[in-house]
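Structure first, then comments.
The figures here come from the full heavy-atom set of this structure, side chains too, leaving out hydrogens, waters and symmetry mates. Computed from a prediction, not measured in an experiment: that's the story for all the values here.
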Amino acid sequence: MDSEILALDEPTDNLDPGGSRAFIEQIRRIPQTKVIVTHHLSLVMELCERAILMDEEEKSRMCP
């Protein structure tokens with residue numbers, strides 16, 4: 001892959017649990033920086049070293 005950044009929008013939507021697990025294992029092997037937009041916090045916890053959480057009440061919050 002030639003890009004430095006990989007952008008993913010809801011990458012595990014419509015995947016069954018096995019498909020989600022396989023996706024996580026594959027994406028973990030890609031060395032590029034990943035920008036992931038998702039509602040699935042379990043995906044964030046597994047893949048991300050840092051995250052920005054956004055909601056209506058608190059516009060954004062950085063998580064280490």
Side-chain angles (χ1 to χ4, degrees):
M1 198 180 278
D2 294 334
S3 321
E4 293 181 28
I5 298 173
L6 177 62
L8 302 163
D9 183 12
E10 298 289 355
T12 57
D13 270 12
N14 300 315
L15 294 179
D16 62 16
S20 291
R21 174 66 38 213
F23 170 79
I24 289 169
E25 294 307 317
Q26 289 297 319
I27 204 74
R28 188 176 278 143
R29 293 185 183 114
I30 296 173
Q32 282 80 3
T33 298
K34 299 159 198 76
V35 176
I36 303 172
V37 176
T38 186
H39 290 91
H40 300 281
L41 293 181
S42 59
L43 174 70
V44 173
M45 297 299 292
E46 288 207 43
L47 287 177
C48 302
E49 294 175 17
R50 291 181 293 167
I52 297 174
L53 303 178
M54 300 177 75
D55 61 38
E56 290 180 29
E57 295 173 15
E58 199 175 313
K59 294 297 181 202
S60 66
R61 165 177 44 164
M62 182 73 95
C63 300

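Partners of Asp13 under the side chain to side chain donor-acceptor pair (under 3.5 Å) rule, at least two apart in sequence or in another chain, are His40. Residues satisfying the side-chain contact (heavy atoms from CB on, under 4.5 Å) criterion with Ile24, sequence neighbours excluded, are Arg21, Arg28, Leu43, Glu46, Leu47.
Here Ile5 sits in one hydrophobic cluster together with Val35; the rule is ILVMFWY side chains under 4.5 Å apart, joined directly or through other members.
For the pair Val37 and Pro11, the tightest heavy-atom approach, listed with the atom from each and the gap, is O-CD, 3.8 Å.
Within the model, atoms CG of Leu41 and CG of Leu53 stand 6.5 Å from one another, a figure rounded to the nearest 0.5 Å. Atom CD1 in Ile27 sits 6.5 Å away from atom CD1 in Ile36 (nearest 0.5 Å).
Around atom CD of Glu25, more than 12 heavy atoms belonging to other residues, nucleotides or ligands sit under 6.0 Å away.
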